[in-house]
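Worksheet for the structure shown next.
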Amino acid sequence: MRSAVSIPALILTAAFVGYAGLARESGLTLDQTLMMTGLVWALPSIVVLTGAISGGMGMISAALAVALASVRLMPMTMALMPLLRVEGKTKRWHLMVASHFVAVTAWVFAMRNVEDLPREGRLPFFLGFGASLTGFVFCMTGLAYVMVGSLPPMVAGGLFMLTPVYFLCSLWGASRISADKAAMLAGLILGPVFFLLAPELDLLLTGLVGGTVAYVGTRLARRGWR
Amino acid sequence: MTMADLWWWPYAMIVIAGWLATDVWRWLGVLVSGRLREDSELMIFIRSVATALVAGVISKLVLFPAGALESAPVLLRLAAAASGFAAFLMLGQRVIVGVLAAEVVLIGGWLLLGGS
């Protein structure tokens with residue numbers, strides 16, 4: 001519980017407070033905003049989904065865009081689960097439940113801290129940490145949604161700025177190899193380009209084109225032409 | 001009347017395009033953990049696509065924001081994001097430093113320009 005009150009947790013809360021403003025401006029209701037916070041629990045995916053709903057995107061292209069934005073949760077989960085598991089004792093469905101709390105902030109925190117705990121204590125710790133963090137952020141998002149209408153524009157604008165800067169820093173912090181960093185640069189440049197060229201499919205195209213260019217480019221740099 | 005006008009449509013979007021499209025990766029991560037190597041070429045490629053997509057979201061949020069941030073000039077928004085990232089890189093890669101620096105530039109610049 002005490003770990004839920006930490007600097008990363010506060011930044012995450014602030015980012016969700018900023019998101020509450022975005023959700024409200026995008027025409028989402030309070031219950032929809034909270035439902036997304038609880039069910040999706042990965043801010044980039046939530047922001048993508050918000051854009052999809054308010055932009056009137058179809059179900060399939062929205063699901064594809066969200067799935068692409070969320071794909072990084074898979075390697076993150078893969079890296080974390082062996083740390084939480086007690087070989088031969090931990091049930092798989094317990095891990096499935098725990099995996100819902102995998103998102104950038106909780107993951108970085110858990111990867112850094114669970115190894116100090118005895119193996120039996122790690123899964124309960126992660127569940128408690130994830131649930132308290134989600135619960136706290138959930139309440140603050142609801143509160144912010146209700147309050148944001150009465151904020152002066154500058155304060156509301158400052159809150160909106162939190163999300164992109166938080167993503168920018170944590171995405172860079174989470175990148176480990178040159179392909180990640182090249183992909184980030186490519187996405188930053190291509191995002192607005194595709195938004196102007198093909199507003200319906202811009203995120204899919206940004207991901208696929210930017211990701212492929214970054215992967216191929218850095219692979220050639222790693223291994224040369226072959 | 002299109003699908004998007006139905007009252008339950010946003011909820012269906014949240015459950016299917018939101019919850020399922022997100023949690024499926026977490027469940028897959030549990031199922032294949034220990035089998036697919038995290039540093040395999042396929043994983044590197046998948047991570048590149050995901051990273052580029054989220055980076056696209058970032059620049060869209062700065063260049064084409066919704067709501068109150070729209071009333072700040074685009075150059076100020078870019079300057080705020082850039083100085084936040086620069087501060088993050090130069091001062092020990094702490095996210096809090098980057099976020100605070102960006103907010104100081106944004107709000108300070110906004111005040112200087114006489115915003116409200």
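Computed from a prediction, not measured in an experiment: that's the story for all the values here. Order of the sequence lines sets the chain letters (A, B, ...), proteins ahead of strands, with each chain counted from 1.
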> Of the backbone (N, CA, C, O) and the side chain (C-beta and beyond), which part of A:L162 lies under 4.5 Å from a heavy atom of chain B, both, or neither?
Replying inline: both

> For B:A12, is it the side chain, the backbone, both or neither that has a heavy atom under 4.5 Å from a heavy atom of chain A?
Replying inline: both

> Which region of A:V47, side chain (C-beta onward) or backbone (N, CA, C, O), has a non-hydrogen atom less than 4.5 Å from a non-hydrogen atom of chain B, or is it both or neither?
Replying inline: side chain

> Based on non-hydrogen pairs under 4.5 Å, which of A:A14, A:S45, A:A214, A:A69 is most in contact with chain B?
Replying inline: A:A69

> Tell me, do A:H100 and B:T22 make a side-chain contact under 4.5 Å, heavy atoms counted?
Replying inline: no

>> Ignoring hydrogens, what is the shortest heavy-atom contact between A:G211 and B:A52? Give both atom names and the distance.
In response: N-CB, 3.5 Å

>> For a quick test of reading the model, state the closest non-hydrogen atom pair linking A:A183 to B:T51 and the distance between them.
In response: CB-CB, 4.0 Å

> Given side chains that start at C-beta, do those of A:L95 and B:W27 come closer than 4.5 Å, heavy atoms only?
Replying inline: no

> chain B heavy atoms under 4.5 Å from A:T29: which part of the residue, side chain, backbone, both or neither?
Replying inline: side chain

>> Less than 4.5 Å to any heavy atom of chain B: does that hold for the side chain of A:P192, its backbone, both, or neither?
In response: both

>> Has B:R26 got a side-chain atom pairing as donor or acceptor with A:V102's backbone, closer than 3.5 angstrom?
In response: yes

> Quick one: does A:L171's side chain get under 4.5 Å of B:I58's, heavy atoms only?
Replying inline: yes

> Do B:D23 and A:W41 come close enough that some side-chain heavy atom pair is under 4.5 Å?
Replying inline: no

> Considering only heavy atoms, which portion of B:I14 lies under 4.5 Å from any heavy atom of chain A: side chain, backbone, both, or neither?
Replying inline: both

> Taking side chain as C-beta onward, heavy atoms only, is A:R219 less than 4.5 Å from B:I44?
Replying inline: no

> Centroid-to-centroid, B:F88 to A:W172, below 6.0 Å?
Replying inline: no

> Does the B:W110 side chain pair with the main chain of A:M154, one donor and one acceptor, at a distance under 3.5 Å?
Replying inline: no

> Looking at A:M96, A:M78, A:M74, which hits side chain to side chain contact (heavy atoms under 4.5 Å, CB included) with B:V30?
Replying inline: A:M96

> Which atoms of B:L106 come close to chain A, meaning under 4.5 Å heavy atom to heavy atom: side chain ones, backbone ones, both, or neither?
Replying inline: side chain

>> Please classify the contact between B:A81 and chain A as side chain, backbone, both or neither, with a heavy-atom cut-off of under 4.5 Å.
In response: both

